[in-house]
Amino acid sequence: MRAQHDIRASDVDLHALSPTQRDQLHGRTCARCGAPSPHRPAGYAVAAGADGGRLGWPVKVCAHCPTGS
Ligand SMILES: [Zn+2]
């Protein structure tokens, strides 16, 4: 079984988001472990745009995950 991906670990492709990544990016689930209802700010996930630009999305983590990446 694949380990849950920390969405902050690498750039995210906005045009190829999985439902899991979408929830993490929008702060609906923990950016690290995917647990529901995260409530601590945890820096930014970086999304790569089609034009080569990079955009930071503020994400959250649950009570059990470190806020640093
Ligand atoms: Zn977590």
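For reference, positions follow the sequence shown, starting with 1.
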Donor-acceptor pairs under 3.5 Å, side chain of residues 37-45 to any protein atom, not counting sequence neighbours: which ones?
from, atom 1, to, atom 2, distance (Å)
Arg40, NE, Cys62, O, 3.4
Arg40, NH2, Cys62, O, 3.2
Arg40, NH2, Cys65, O, 2.2

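Residues Arg32 and Pro66 form a side-chain contact, since some pair of their non-hydrogen atoms from C-beta on lies under 4.5 Å apart.
For the pair His5 and Ser10, the tightest heavy-atom approach, listed with the atom from each and the gap, is NE2-OG, 3.5 Å.
Shown are Gln21, Arg22, Gln24; of these, the side chain to side chain contact (heavy atoms under 4.5 Å, CB included) with Thr29 is made only by Gln24.
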Exercise for the section: Would you check, one step at a time, whether the test side chain to side chain contact (heavy atoms under 4.5 Å, CB included) holds for Arg8 with Val61? Expected result: CA-CA 11 Å; Arg8 298 165 299 175; Val61 293; 4.1 Å; yes
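The same ILVMFWY cluster, assembled from side-chain heavy atoms under 4.5 Å apart, contains both Leu14 and Ile7.
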